[in-house]
Amino acid sequence: MASGSSDAPPPVAPWDAADRIVLGRTPGGAIVAVALDREGAAGRRPLSDAELPAWVALREAEAARAGRGVRWIWSGSAEWYPRLLAAGVRVSRCHDLRLCRAILALAVPDPADTRDGGWDEAVDDDAPDALFEIGGDAPRPSAFDRTLAEYERQEAALARAADPGRLRLLLAAESAGSLVAAELRAAGLPWDADRHDALLRTELGERIAGGTPARIAQTAAAVRAALGDPAASLDSQPKLLRALHRAGVRVESTSKWELAEHDHPVIEPLLEYKRLMRLYTANGWAWLAEWVRDGRFRPVYVPGGVVTGRWASSGGGALQIPRGLRDAVRADPGWVMIDADVAQLEPRVLAAMARDERMAAAAGSDLYEGVVASGAVATRAEAKVAMLGALYGSTTGDSGRLVPRLRQVFPRAMALVDAAAREGERGGQVSTWLGRVSPAPSAAWLEAQRRASDGAADEQRARRLARDQGRFTRNFVVQGTAAEWALAWLADLRARLAAIPPVPEDHAARASGPVFARRPHLAFFLHDEVMVHAPAERAEEAADAIRGAAEAAGRLLFGSFPIAFPLDVRIGRSVAKD
DNA sequence: CGTTCGACGGGT
DNA sequence: TTTAACCCGTCGAACG
């Protein structure tokens, strides 16, 4: 092993080491706060909803004065934090029981509990009392005691973990992410509705009451003319497919990449029709009216919404904003948007996890160019598809053909993902760098493997499912660790931004909300990219915070291993990306 | 009338 | 240069 113990991540995150306060509700709905010290509960206090924000703010201020932090332990930031933010209160740290339990249930299964998942029912402080009355008139714990008990179970689970230090780091990062998610929604992404409207008019033409916009209607007419079918239905996949066949276009689907392979007068207007219709239905005026208010797009982020630890979103399609609409993102007057994304995050994470010094050396500032320089492949484009093939497990096509070359040049990195794939193929579970464990294969998958000897068809099916699972676990370790890096980046960045001195004036304070007025704040996050909305005179400080946080995230996860996470940072207008 | 599913296309 | 990982939202068709 080339790596010494100095490479191991430190056991405690910089945003850790805090006093702890548990917040919960009694069955009657009253809030209870309990302060915890090393010995256990050190104080208990009832609170009304009205008093809560000011009381939380006071605890935060006291902790800050004492030069320490305070960690709020609650059922979930999604329930507790938006109300605090609306009241102008920011918290520095939390422990999100719901998110942490999801991690612990897979990472440290409870041996005393034989039920699926091994954990109690969901902690839900807002649930009606009926949920807790299953025992009739038997004594039952209050909802608040269940909150406290859940936290104690989680602490006990951590103590049983193979590497409690890393897992604690993951729980802290996940919880910090839950705060960021609530803050992103509260602050919103500055969105210029007039600019969006102008883009729509340019592409789709004028809006027509009760009908499709002008250019869509014209394009539809052109498609029908080319088909020689004035009544052709363009919005029903089966009907469109039949109409294409009647016109002599032999396609098996109506997907754009297959259509593009054919030469027929209908192809060009049809592809244009599909493009316009997509824009109109997914991000048209209806989307604008529903999701943009007061110059802010406020999507719902769902931390931990993906098994790998990536975030999902629900509502607003925050993670699918088409590149062409990015132009509608406009800073407030006197403010700027800072857009930063990491170059080739996943392969860099793989190099660091595998301690592959050669791959790390090739990474430099452009990893794909480095791969070319290593002699593995001839062009940057080849390097890119080869690397994606290595991470996703492709075996065919150009990508699959190039993967063996990477295996020759970067054996350590490839051995890590290959081992993860083998583990998945035989039904095992794999783990990210900090200890997020992949879900076990489904009962249907196990059943298919059991039947593999029943016949040729069953055997083929079992093999295919095994390979599918192998590709999943192969990708899980890298995508999941990249998500951990991103959480560490976000967590450190929100702390750095909060420490930047506010500017005296902010004419747009109302839109951003009380917590985010007058100082740089996170406005968008997407896997490996952040946007920060900053007063112009704080732009450089904010950009430095973004870079500094990326460096800190790399050190936190990978210690002294020499891997860089270079950022493309753009202050002001955003441009198209690679 | 509802709900569910497959096809499609947007993101990383 | 569709081959592969993880997603979400919309639509129409099919089903109940």
Side-chain angles (χ1 to χ4, degrees), chain A residues 233-242 251-261 270-271 273-284 286-287 290-291 299-326 341-347 349-350 377-403 417 420-421 424 430 432 436 438-439 464 467-483 486 524-530 577-578:
Chain A
S233 166
L234 308 185
D235 299 324
S236 155
Q237 191 264 350
K239 288 178 186 171
L240 175 58
L241 197 56
R242 284 197 292 275
V251 286
E252 289 181 7
S253 75
T254 62
S255 65
K256 65 176 183 184
W257 64 266
E258 192 183 353
L259 286 169
E261 290 171 351
L270 179 54
L271 291 178
Y273 175 82
K274 288 166 81 87
R275 190 181 71 80
L276 297 179
M277 206 58 185
R278 166 80 193 181
L279 176 61
Y280 178 56
T281 55
N283 296 102
W287 181 92
E290 184 173 357
W291 288 102
V300 179
Y301 294 91
V302 184
V306 180
V307 283
T308 57
R310 273 189 172 180
W311 290 12
S313 70
S314 93
L319 278 49
Q320 307 139 253
I321 302 296
R323 290 247 145 229
L325 271 189
R326 286 291 193 94
D341 69 275
V342 196
Q344 308 114 17
L345 175 58
E346 292 189 355
V349 157
L350 171 58
V377 297
T379 66
R380 188 178 185 282
E382 279 188 339
K384 189 171 178 175
V385 297
M387 197 57 75
L388 290 176
L391 300 179
Y392 293 156
S394 66
T395 54
T396 61
D398 282 352
S399 169
R401 186 170 51 75
L402 293 166
V403 170
V417 284
V430 296
T432 60
R436 193 185 304 260
S438 67
R464 181 175 54 75
R467 282 195 304 269
D468 289 348
Q469 186 71 11
R471 282 196 305 275
F472 166 61
T473 50
R474 169 191 293 270
N475 185 247
F476 182 94
V477 295
V478 179
Q479 186 183 117
T481 303
F524 187 70
F525 168 62
L526 205 177
H527 308 319
D528 63 356
E529 174 190 12
V530 295
K577 93 173 224 192
D578 177 31

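Scope of the values below: all heavy atoms of this structure, side chains included, with no hydrogens, waters or symmetry mates. Residue numbers begin at 1 in each chain, while the letters A, B, ... track the order of the sequences.
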Point to revise | DNA chain C: 5'-proximal contact among A/Gly397 and A/Phe472 (nearest heavy atom) | key: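 Result: A/Gly397.
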Expressed in angstrom and rounded to an integer, what is the separation of [X] atom [atom1] from [N] atom [atom2]?
X: A/Tyr280; N: B/dC8; atom1: OH; atom2: C1'; result: 19 Å
X: A/Ile321; N: C/dG9; atom1: CD1; atom2: P; result: 11 Å
X: A/Glu382; N: C/dT3; atom1: CD; atom2: P; result: 18 Å
X: A/His527; N: C/dA5; atom1: NE2; atom2: P; result: 16 Å
X: A/Asp468; N: C/dA4; atom1: CG; atom2: P; result: 9 Å
X: A/Lys239; N: C/dG12; atom1: NZ; atom2: P; result: 9 Å
X: A/Asp235; N: B/dA7; atom1: CG; atom2: P; result: 18 Å

Review point. Hey, can you pull the residues of residues 308-315 of chain A with a non-hydrogen atom under 4.0 angstrom from DNA chain C?
Key: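 By residue number: A/Arg310, A/Ala312, A/Ser313, A/Ser314, A/Gly315.
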Counting the atoms with a prime plus P, OP1 and OP2 as sugar-phosphate, which does [X] contact under 4.0 Å by heavy atoms, base, sugar-phosphate, or nothing?
X: A/Arg471; value: sugar-phosphate
X: A/Thr281; value: sugar-phosphate
X: A/Leu345; value: nothing

Point to revise | Shortest side-chain distance from A/Gln479, nucleotide among B/dT12, C/dA4, C/dA5 | key: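 Closest nucleotide to the A/Gln479 side chain: C/dA5.
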Check your understanding: Do A/Gln320 side-chain and C/dC8 base share a donor-acceptor contact under 3.5 Å?
Key ->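 By the distance-only test, yes, there is a pair.
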Review point. Given the C1' atoms of B/dA7 and C/dT2, what is the spacing between them in whole Å?
Key: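 One C1' to the other, the span is 15 Å.
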Practice item. Report yes if the ring of A/Tyr392 lies under 5.5 Å from the six-membered base ring of C/dA5 with planes under 30°, and no otherwise. Key: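 Stacking is present between C/dA5 and A/Tyr392, given that their ring centres fall under 5.5 Å apart and the planes under 30°.
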